[in-house]
Colleague: 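Sharing a structure with you now.
Reckoned from all heavy atoms, side chains included, excluding hydrogens, waters and symmetry mates. Per chain, numbering begins at 1; letters A, B, ... match sequence-line order.
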Amino acid sequence: MENEGRRKFLGVCVAGATAAAAVAAGYPVFRYLAPRSGQGGAAKLVIPVGELKEGDAKFFEFAGSSAVLIKTQSGELVALSAVCTHLGCIVQWVKEKQQFLCPCHGGQFSTDGTVLGGPPPRPLAKIPLTVTEGNITIG
Amino acid sequence: MIRKNTLAILLLASLAFLKPALAAPVEQPETVCIQCHGTLPDRLGAPVKLWRSSIHADNGISCNGCHGGDPKDAANAMTPQRGFLGAPKEKDIPGFCGRCHPGVYKDYLSSAHGRALGAGGPTCVTCHGNHQVVKASLALINEKSCTRCHSFDRARAIRDAMQQTEGYIDDISRRIADFQVSGVDTEKMGKSLFSVRNRFHTLFHDVDVARVKGESAAINKELGKLDAALKEIEQSHQKRRVAGGIAVGFMVLLALLFHLMKKSYD
Ligand code: FES
């Protein structure tokens, strides 16, 4: 009888300890698999259309890294990541050539982000934008 | 059989997780230039030996990356028709390196060093060497090197102004490398650091203490962001370790409880 009571008590303890061990072991696994905070969608950014002339570029911060908005000479608006796809330097706008130049190893990109020369393996990432009532909304 | 397959799948999956830690450096391409010059003595073979331990070799930039020519055709490798440029004359050296390093080339040209080009001023190779170019660091600014041309005072002031930020960069670089080895995705942070380090090192070429001090503030801010991101990962790892410790503790407790349970049946 006494043993029965003891076993019942031990059984409850085992159940509790198992649950606690499972939670404690599950937490690191969950943290490992869950995406890190701050990596989700970025806040949208609004830039007035008038801020940019044809052939000009405007650099800004977007989703924690450098980005650039260009108005091509034909008036088209394009937003791109300004992070070079080679080793990560920030590209510069060469207005006379209407293209981007990476100062680190000379990577060149066109206004739509295509690689024109140098070591970059991929085009500059495009960022979606919409134009409404004189405002450019990026993201 | 099923067991064996499961084991194989688990093994492969674990290998896939190990991949980032085992990423190999870029393989050095064995061009015809290396094949031939690698066996030549003295002046003609020495550059190959020096190049092998350079940052260019580490990143797969071979002879033709700078000197042009055809690295696949031994007979015509060094003909102008195949774009062979040979070695540049002293005054052409900055332009030669600047084809791939346009940012620092621009800074150099506007500096006192660059303005003295062709009039006894230093070129890229005066400080960085030519074939054995290594990753730039503040160690390049030293009394022995600078006093070949002028006093060390100004260079020392610049180096001292850069020292603290350089230490910060090195610390972040080491932490990123540690995380990379343990399989954390560090690509974005690594690229950011590369960019900041470049921006910082290029400052020196301006030879302007005031500019170094001014820009260092902005660069430290960028480094602060990386530092914060790394701290977040460090904290998360710490929490995971503590939770793992607690789990082990509860498992020990479970073993004890089972032992007591078993005893109650004796
Ligand atoms: S980082 Fe842009 S070309 Fe190397």
Colleague: Quick one: what part of B:Tyr105 sits under 4.5 Å from any heavy atom of chain A, side chain, backbone, both or neither?
Modeller: neither
Colleague: Does any backbone or side-chain atom of B:Leu260 lie under 4.5 Å from a heavy atom of chain A? Answer side chain, backbone, both or neither.
Modeller: both
Colleague: Determine, using ring centers only, whether B:Phe194 and A:His105 are less than 6.0 Å apart.
Modeller: yes
Colleague: Between the main-chain N or O of A:Val29 and the side-chain N or O of B:Arg240, is there a donor-acceptor pair closer than 3.5 Å?
Modeller: no
Colleague: Is any side-chain heavy atom of A:Leu101 less than 4.5 Å from a side-chain heavy atom of B:Pro102?
Modeller: yes
Colleague: With a sphere of 6.0 Å drawn around CD of B:Glu187, does it hold more than 12 non-hydrogen atoms of other residues, nucleotides or ligands?
Modeller: no
Colleague: About how many Å separate SG of A:Cys104 and CZ of B:Arg197, when rounded to the nearest 0.5 Å?
Modeller: 11.0 Å
Colleague: Measuring from atom CD1 of A:Ile90 to atom CZ of B:Arg199, what distance do you get when rounded to the nearest 0.5 angstrom?
Modeller: 8.5 Å
Colleague: For a quick test of reading the model, state the closest non-hydrogen atom pair linking A:Ala21 to B:Ala247 and the distance between them.
Modeller: O-CB, 3.9 Å
Colleague: Please round to the nearest 0.5 Å and tell me the distance separating atom CG of B:Asn59 and atom CG of A:Leu87.
Modeller: 7.0 Å
Colleague: Sort B:Lys263 into side chain, backbone, both or neither according to what part of it lies under 4.5 angstrom from a heavy atom of chain A.
Modeller: neither
Colleague: Can you tell me which of A:Pro119, A:Ala20, A:Ser65 forms the most heavy-atom pairs within a distance under 4.5 Å of chain B?
Modeller: A:Ala20
Colleague: Got a sec: does the CZ of A:Phe59 have more than 12 other heavy atoms crowding it under 6.0 Å?
Modeller: yes
Colleague: Taking atom NZ of B:Lys106 as the centre, does the number of heavy atoms from other residues, nucleotides or ligands within less than 6.0 Å exceed 12?
Modeller: no
Colleague: When rounded to the nearest 0.5 angstrom, what is the spacing between CE in B:Met261 and CZ in A:Arg6?
Modeller: 12.0 Å
Colleague: Taking all non-hydrogen atoms of both residues, which atom of B:Leu257 and which atom of A:Ala17 are closest, and how far apart?
Modeller: CD1-CB, 4.2 Å
Colleague: Without swapping roles, check the side chain of B:Lys225 against the backbone of A:Gly64 for a donor-acceptor pair under 3.5 Å.
Modeller: no
Colleague: Quick check for you: among B:Asn198, B:Ile246, B:Leu254, which has the greatest number of heavy-atom pairs under 4.5 Å with chain A?
Modeller: B:Leu254
Colleague: Among A:Gly107, A:Gly26, A:Pro103, which residue forms the greatest number of heavy-atom pairs with chain B at distances under 4.5 Å?
Modeller: A:Pro103
Colleague: Within a radius of less than 6.0 Å around CZ of A:Phe30, do more than 12 heavy atoms belonging to other residues, nucleotides or ligands occur?
Modeller: no
